[in-house]
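Presented below is the structure to which this report refers.
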Amino acid sequence: MSGKDVEVLKREFVSLQEKNTKLFEQNVLPAIAQKKQAFLDAFEDYFRERGFIVKKRNGAVRVSYDYTLQFKAFSNENDELFIMKGKEQIACISLHFKGEENSQINSQRNNPTDSIHLLEKEIEREKMLSMDLVEPEIYYAPTNSQIFFDNPYAILESIFQI
C-alpha cells in the first residue's frame, strides 16, 4: 500500500472515532444516567420493603431503622455509586458499558499510526465499538470485584445479604 492508502485509512479511523464519540454522547451517557437512577430507586424500594424510613434529598437516598441503623446511597459525576453506613463507605459501584475496553475514551489510542496493519486493527476495533454503542449494555461493577451485575436488586442482595 502506498502513502495515499495510509491517508485513506487514517481518515476512516478518525471518522469512526468521531462517530463513536457522538454515539457515546447520544446513547451511553443517557443509559448510564438511567442505570444510576435505577439503582437509587432500587435502593429506596429495597429498604422501604424492609421497614426502613426513607428520605430522598439532593440526589441521595437515606434510609434508617429506629434511628440507629442508617444507610445512604448517592452517585457522583464519575459514574460511581456509593453506599455509606453512617460515615463509613461500605460499597463503591462503578457503571460500565459493554465494549468499554475498546473505547478510545479509556485508552491511549488517539493518534493514528503509519503502520497499515495497526491502522486496520484499530479500524476494526472502532467498528466493533460502534456496534456496542448503538444499543449500549450498562452494568454495575463493585470496586475490587470481577463480578458484574445487570440488576440493581442483585447487587443490593450481594452487599446486604438480608
Side-chain angles (χ1 to χ4, degrees), residues 6 8-50 54 56 58-61 63 71-85 89-162:
V6 170
V8 169
L9 289 175
K10 283 182 178 181
R11 282 195 301 275
E12 181 180 359
F13 176 69
V14 169
S15 174
L16 283 168
Q17 283 186 318
E18 290 170 357
K19 174 186 172 188
N20 287 343
T21 298
K22 287 179 185 172
L23 286 171
F24 180 81
E25 291 169 357
Q26 291 172 347
N27 300 338
V28 176
L29 292 179
I32 286 174
Q34 288 175 342
K35 205 72 166 180
K36 278 184 190 181
Q37 190 57 52
F39 181 86
L40 294 173
D41 292 344
F43 183 85
E44 175 183 353
D45 293 343
Y46 185 86
F47 284 99
R48 189 180 307 275
E49 291 170 2
R50 286 158 178 77
V54 176
K56 293 169 66 172
N58 299 331
V61 179
V63 297
F71 296 104
K72 175 182 173 183
F74 62 96
S75 65
N76 67 10
E77 63 281 346
N78 295 327
D79 303 326
E80 295 173 313
L81 295 154
F82 298 92
I83 298 177
M84 308 291 286
K85 180 179 180 183
Q89 177 182 311
I90 60 171
C92 176
I93 303 154
S94 299
L95 290 162
H96 299 279
F97 64 95
K98 180 182 173 196
E100 186 170 17
E101 62 278 359
N102 290 326
S103 172
Q104 70 180 11
I105 296 159
N106 291 324
S107 74
Q108 300 299 319
R109 298 183 343 257
N110 291 327
N111 298 322
T113 178
D114 286 331
S115 164
I116 291 171
H117 177 71
L118 289 176
L119 262 173
E120 288 171 339
K121 283 178 72 173
E122 293 298 317
I123 288 170
E124 282 307 308
R125 191 174 288 146
E126 291 295 322
K127 286 179 180 178
M128 288 175 49
L129 177 60
S130 292
M131 290 187 289
D132 290 330
L133 294 175
V134 171
E135 291 184 29
E137 294 177 31
I138 311 297
Y139 54 89
Y140 303 101
T143 304
N144 302 324
S145 174
Q146 296 298 320
I147 301 171
F148 304 116
F149 296 87
D150 180 54
N151 183 315
Y153 290 99
I155 196 166
L156 288 168
E157 287 288 336
S158 75
I159 293 168
F160 293 103
Q161 301 170 355
I162 296 176

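Since the model is a prediction, treat every value here as computed from it, not as a measurement. Side chains are part of it too, since the values below use all heavy atoms of this structure and drop only hydrogens, waters and symmetry mates.
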Checklist entry - When you look at F74 and L81, which way does the side-chain contact (heavy atoms from CB on, under 4.5 Å) test go after all the steps? => result CA-CA 6 Å; F74 62 96; L81 295 154; over 6 Å; no
Item to check | Aromatic ring proximity F97/F24, centre distance under 6.0 Å | outcome: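 Yes.
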Checklist entry - Do F71 and F43 make the cut of ring centroids closer than 6.0 angstrom? => result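 No, the ring centres sit 6.0 Å or more apart.
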Next on the checklist: Holding to side chain to side chain donor-acceptor pair (under 3.5 Å), I want the full list of residues that pass it with S158, two or more places apart in sequence or in another chain.
Outcome noted: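 With neighbours one apart ignored, the set is empty.
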Item to check | Partners passing side chain to side chain donor-acceptor pair (under 3.5 Å) against E25 (at least two apart in sequence or in another chain) | outcome: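 Testing E25 for side chain to side chain donor-acceptor pair (under 3.5 Å), a comparison that skips the adjacent residues, returns none.
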Item to check | From CA spacing to verdict: side-chain contact (heavy atoms from CB on, under 4.5 Å), M84, I90 | outcome: CA-CA 5 Å; M84 308 291 286; I90 60 171; over 6 Å; no
Gap separating the [atom1] atom of [X] from the [atom2] atom of [Y], nearest 0.5 angstrom:
X: Q17; Y: S130; atom1: CD; atom2: OG; answer: 10.5 Å
X: L133; Y: N20; atom1: CG; atom2: CG; answer: 5.0 Å
X: K10; Y: I116; atom1: NZ; atom2: CD1; answer: 10.5 Å
X: E126; Y: K121; atom1: CD; atom2: NZ; answer: 14.0 Å
X: E12; Y: K19; atom1: CD; atom2: NZ; answer: 10.5 Å
X: L16; Y: E18; atom1: CG; atom2: CD; answer: 9.5 Å

Checklist entry - side-chain contact (heavy atoms from CB on, under 4.5 Å) with F39: which of N151, I83, V61? => result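 Single side-chain contact (heavy atoms from CB on, under 4.5 Å) partner of F39 among N151, I83, V61: I83.
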Item to check | Results of salt bridge (charged side-chain N to carboxylate O under 4.0 Å, His left out) for E44 - residues two or more places apart only | outcome: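 By the salt bridge (charged side-chain N to carboxylate O under 4.0 Å, His left out) rule, E44 matches R48, K56.
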Checklist entry - Residues in salt bridge (charged side-chain N to carboxylate O under 4.0 Å, His left out) with D150, at least two apart? => result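 For D150, the residues satisfying salt bridge (charged side-chain N to carboxylate O under 4.0 Å, His left out) (neighbours in sequence not counted) are K35.
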Checklist entry - Which residues pass the ring-ring contact (aromatic ring centres under 6.0 Å, His included) test with Y153, sequence neighbours left out? => result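 Testing Y153 for ring-ring contact (aromatic ring centres under 6.0 Å, His included), a comparison that skips the adjacent residues, returns none.
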Item to check | Pairs touching residues 73-85 that satisfy side chain to side chain donor-acceptor pair (under 3.5 Å), sequence neighbours left out | outcome: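 For residues 73-85: N76-E80.
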Next on the checklist: Under a 4.0 Å threshold between the charged nitrogen and the carboxylate oxygen, would E120 count as salt-bridged to K127?
Outcome noted: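 Not counted as a salt bridge, because no side-chain N and carboxylate O are separated by less than 4.0 Å.
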Next on the checklist: Can you give me the closest heavy-atom contact between F82 and Q89, atom names plus distance?
Outcome noted: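 Taking F82 first and Q89 second, the nearest heavy atoms are CD2-OE1, 3.6 Å.
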Item to check | Closest heavy-atom pair and its distance - R50, Y46 | outcome: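 The pair with the smallest heavy-atom distance is NH1-O, 2.8 Å.
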Can you sort out the partners of [X] under side chain to side chain contact (heavy atoms under 4.5 Å, CB included), two or more places apart, ordered by chain and number?
X: M131; result: M128
X: P136; result: N27, V28, A31, I138
X: A33; result: none
X: Q37; result: L40, D41

Checklist entry - With side chains defined as the heavy atoms from C-beta onward, is the minimum distance between I93 and I159 less than 4.5 Å? => result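 Counting from C-beta outward, I93 and I159 do come under 4.5 Å.
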Checklist entry - Okay, side chain of S15, backbone of R11: is any donor-acceptor separation there less than 3.5 Å? => result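 It does not hold such a pair.
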Identify each donor-acceptor pair in which a side-chain atom of residues 141-149 lies under 3.5 Å from a protein atom, sequence neighbours left out, and give them as a table.
from : atom 1 : to   : atom 2 : distance (Å)
T143 : OG1    : C92  : O      : 3.0
S145 : OG     : I147 : N      : 3.1

